[in-house]
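Read through the structure below, which is laid out as structure tokens, and then see the notes.
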Amino acid sequence: MIISIASDHAGLTLKEEIKNYLTNKEIEVLDFGTNSTDSCDYPDFGYPAACAVKDGKVDFGILVCYTGIGMSMVANKVKGIRGALVGSVENAHLTREHNNANVLCLAAKDTKTPLAFQIVDEFLNTEFAGGRHERRVNKVMDIEK
């Protein structure tokens with residue numbers, strides 16, 4: 001499994017913690033930045049990380065900013081991306097199982113590190129259920145056409 005990861009300055013600490021967590025689990029991580037606490041613009045980092053998912057270079061993406069909202073907006077501008085702002089383990093499970101989300105967005109201000117690790121694990125380990133959910137996901141994806 002290969003994961004793209006990115007953050008702005010406000011999400012840097014949580015991004016680095018998640019990256020180290022995944023690396024310690026022997027999951028390959030492509031880091032699209034930022035690597036500084038200097039103020040920066042989240043689209044500069046979130047967009048290429050989401051494009052890596054779209055292009056099939058990675059399996060999933062993880063994007064972090066202060067609220068997670070900006071990164072979620074950026075991710076969902078990329079054709080083929082289903083980005084989900086997640087704040088609970090249950091919603092991580094449901095967005096994979098029901099929505100086949102391929103980019104996880106996290107709010108650095110609301111997500112403590114232990115919870116972030118649980119959310120990431122649940123997101124990466126939950127399979128898409130298909131069935132009636134596939135019909136709905138296909139309708140969402142048809143909007144891009």
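Only this structure's heavy atoms are used, side chains among them; waters, hydrogens and symmetry mates stay out. In this chain, residues are counted from 1 in sequence order.
- Remark: Ser88 OG to Asp110 CG distance equals 12.0 Å, nearest 0.5 Å.
- Every residue meeting the salt bridge (Lys or Arg N to Asp or Glu O under 4.0 Å) condition with Lys145, not counting sequence neighbours, appears here in chain and number order: Asp142.
- Here the straight-line distance linking atom CG of Leu104 with atom CG of Leu124 works out to 7.5 Å at 0.5 Å rounding.
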Identify all side-chain donor-acceptor contacts of residues 70-86 below 3.5 Å with residues at least two apart in sequence or on another chain.
residue, atom, partner, partner atom, Å
Asn76, OD1, Gly83, N, 2.9
Asn76, ND2, Ser72, O, 2.9
Asn76, ND2, Gly83, O, 3.1
Arg82, NE, Asn99, O, 3.4
Arg82, NE, Asn100, O, 2.8
Arg82, NH2, Asn100, O, 2.9

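- Ser7 places none of its side-chain heavy atoms less than 4.5 Å from the side chain of Phe45.
- Within a 6.0 Å sphere centred on OH of Tyr47, heavy atoms belonging to other residues, nucleotides or ligands number 12 at most.
- At least one donor-acceptor pair under 3.5 Å links the side chain of Asn24 to the backbone N or O of Asn20.
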Pairs under 3.5 angstrom only: tabulate donor-acceptor contacts from the side chains of residues 11-19 to other protein residues two or more places apart or in another chain.
residue, atom, partner, partner atom, Å
Lys15, NZ, Asp31, OD1, 2.8
Lys15, NZ, Asp31, OD2, 2.9
Lys15, NZ, Thr34, O, 2.7
Lys15, NZ, Asn35, OD1, 3.3
Glu16, OE1, Lys19, NZ, 3.4
Glu17, OE1, Thr113, OG1, 2.4
Lys19, NZ, Asp31, OD2, 2.8

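- You'll find the side chain of Asp8 stays beyond 4.5 Å of the side chain of Asp44, heavy atoms only.
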| request: Determine, stepwise, if the pair Thr95 / Phe123 fulfils side chain to side chain contact (heavy atoms under 4.5 Å, CB included). | output: CA-CA 8 Å; Thr95 199; Phe123 185 87; 3.9 Å; yes
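- Expressed to the nearest 0.5 Å, how far CG of Leu115 lies from CD of Gln118 amounts to 6.0 Å.
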Considering only distance and modelled atom types, tabulate donor-acceptor pairs under 3.5 Å from the side chains of residues 36-43, sequence neighbours left out.
residue, atom, partner, partner atom, Å
Ser36, OG, Asp38, N, 2.9
Ser36, OG, Asp38, OD2, 3.3

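- No chain of hydrophobic side-chain contacts below 4.5 Å, direct or via other Ile, Leu, Val, Met, Phe, Trp or Tyr residues, connects Phe32 to Leu106.
- Distance CD1/Ile3 to CD1/Ile27: 6.0 Å, rounded to 0.5 Å.
- Transitive grouping of hydrophobic side chains (ILVMFWY, heavy atoms separated by less than 4.5 Å) keeps Val103 and Phe128 in distinct clusters.
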Enumerate donor-acceptor pairs with a distance under 3.5 Å from any side-chain N or O in residues 48-67 to protein atoms, sequence neighbours excluded.
residue, atom, partner, partner atom, Å
Asp59, OD2, Ile2, N, 2.7
Thr67, OG1, Ile69, N, 3.1

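- For the side chain to side chain donor-acceptor pair (under 3.5 Å) condition, the pairs that include at least one residue of residues 120-133, sequence neighbours left out, are Tyr21-Asp121, Lys25-Asp121, His93-Glu122, His93-Thr126, Glu122-Thr126.
- A single hydrophobic cluster is not seen to contain both Leu30 and Met1; linkage of ILVMFWY side chains at heavy-atom distances under 4.5 Å, directly or through other members, places them apart.
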